[in-house]
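Here is the structure we will look at, set down as structure tokens.
Predicted, not measured: the structure shown is a model, and the values here were computed from it. Just the heavy atoms: all of them, side chains too, but no hydrogens, waters or symmetry mates, feed the values below. The residues of the chain are indexed from 1 along the displayed sequence.
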Amino acid sequence: MSNNIFDVITQRRSTRVFSNKTVSKDNLVKIAEAARMTPTSVNQQSRKFTIVQNEKLIKQLDQTLSGYGFSLYNPNAILLISSPKNNTYSQIETGLAVQNAYLAATALGLGTVWTDQIRGRCDEPAIRSILSKMDIPDNHICWCVLPIGVPDESSISKNRTEEINYIGPSAEESSDFNIS
């Protein structure tokens with residue numbers, strides 16, 4: 001797997017099918033550390049990164065979320081990113097952390113997928129009970145759960161269609177272009 005950042009960015013995929021292979025604790029910590037290295041508003045650093053590799057707790061959370069029509073896709077581990085409910089910028093800070101976690105997982109040959117269904121349900125008793133078992137403080141909102149595992153699928157990258165517009169120093173250098 002390449003560690004060139006541009007290669008890693010283009011290799012990143014959303015993985016929804018994982019093998020039953022175990023992800024090493026070392027790799028999980030590397031992913032969490034990469035997520036933690038992202039900036040926070042006025043350097044508050046109030047996020048909490050919780051790695052869970054306990055199959056029973058993961059299944060319990062997955063079963064509870066499935067009651068709302070959501071899935072964690074049976075991963076080997078999960079990374080929860082939470083922050084105090086009163087942190088105005090926590091959703092943005094979490095997004096930055098998730099991107100780094102994605103890229104770190106990709107660089108390590110692992111897969112992950114964005115799941116944010118938990119964010120609006122943290123204080124529902126069944127979910128808060130599980131989060132408490134995972135040592136997530138009661139005053140925290142868990143913005144996302146990142147399933148992490150060894151991909152058991154060959155994901156095909158979806159073509160990116162969002163427009164890139166370049167405006168140069170002079171009118172002759174401006175252009176709209178799409179990269180396929």
Side-chain angles (χ1 to χ4, degrees), residues 1 12-38 40 44-87 89-155:
M1 191 62 56
R12 190 215 58 80
R13 306 282 182 272
S14 292
T15 302
R16 291 179 178 86
V17 180
F18 298 98
S19 76
N20 59 2
K21 295 177 184 172
T22 301
V23 177
S24 72
K25 178 182 175 182
D26 182 55
N27 280 345
L28 293 170
V29 170
K30 285 178 183 177
I31 293 167
E33 182 64 22
R36 185 172 70 161
M37 295 306 294
T38 57
T40 60
Q44 289 182 51
Q45 299 187 45
S46 61
R47 299 169 298 186
K48 181 172 183 172
F49 300 89
T50 305
I51 302 165
V52 179
Q53 204 165 22
N54 179 301
E55 184 178 356
K56 182 180 174 184
L57 282 175
I58 294 170
K59 284 186 188 253
Q60 190 177 8
L61 182 60
D62 189 38
Q63 288 171 348
T64 303
L65 288 172
S66 72
Y68 300 101
F70 304 117
S71 176
L72 295 179
Y73 306 103
N74 197 29
N76 179 251
I78 56 176
L79 173 64
L80 296 95
I81 303 173
S82 65
S83 58
K85 294 175 185 176
N86 64 354
N87 180 346
Y89 301 103
S90 61
Q91 192 169 7
I92 295 166
E93 294 170 357
T94 298
L96 294 168
V98 167
Q99 183 62 22
N100 270 20
Y102 267 160
L103 297 177
T106 300
L108 294 167
L110 301 171
T112 188
V113 64
W114 175 269
T115 64
D116 67 346
Q117 299 86 0
I118 197 169
R119 65 183 154 78
R121 296 175 173 83
C122 289
D123 289 327
E124 293 183 18
I127 292 181
R128 182 53 68 183
S129 170
I130 299 165
L131 293 177
S132 293
K133 292 175 188 175
M134 295 178 178
D135 202 28
I136 305 293
D138 288 343
N139 70 332
H140 272 219
I141 185 168
C142 186
W143 287 102
C144 69
V145 179
L146 289 178
I148 302 169
V150 176
D152 194 26
E153 64 179 3
S154 178
S155 297

Q) Residues two or more places apart in sequence or in another chain: which of them pass salt bridge (charged side-chain N to carboxylate O under 4.0 Å, His left out) with D138? A) none
Q) Residues in salt bridge (charged side-chain N to carboxylate O under 4.0 Å, His left out) with K85, at least two apart? A) D123
Residue pairs passing the salt bridge (charged side-chain N to carboxylate O under 4.0 Å, His left out) test where at least one lies in [range], sequence neighbours excluded:
range           : result
residues 99-119 : D116-R119
residues 93-108 : none
residues 63-74  : none
residues 20-31  : D26-K30

(Q) Run the side chain to side chain contact (heavy atoms under 4.5 Å, CB included) test against N54 and tell me which residues pass, sequence neighbours left out. (A) V52, K56, L57
Q.
Within the 4.5 Å heavy-atom criterion, are I136 and R128 side-chain neighbours or not?
A. yes
(Q) Quick check on F70: does its CZ atom have over 12 non-hydrogen neighbours (other residues, nucleotides or ligands) under 6.0 Å away? (A) yes
Q | Heavy-atom pair with the smallest gap, counting every atom of Q45 and T40 | A | N-OG1, 3.1 Å
[X]: which residues meet the side chain to side chain donor-acceptor pair (under 3.5 Å) condition with it, sequence neighbours left out?
X    : result
S46  : N87
R121 : none
S90  : S83, W143
E33  : R36

**Q.** Separation of T112 OG1 from I31 CD1 (nearest 0.5 Å)
**A.** 7.5 Å
**Q.** Euclidean distance, I127 CD1 relative to I118 CD1, rounded to 0.5 Å
**A.** 5.5 Å
Scan the side chains in residues 73-80 for donor-acceptor partners under 3.5 Å anywhere in the protein, sequence neighbours excluded, and list what turns up.
{"unit_1": "N76", "atom_1": "OD1", "unit_2": "V23", "atom_2": "N", "d": "2.9"}
{"unit_1": "N76", "atom_1": "OD1", "unit_2": "Q53", "atom_2": "NE2", "d": "2.6"}

Q. Any side-chain donor-acceptor pair under 3.5 Å between T38 and R47?
A. yes
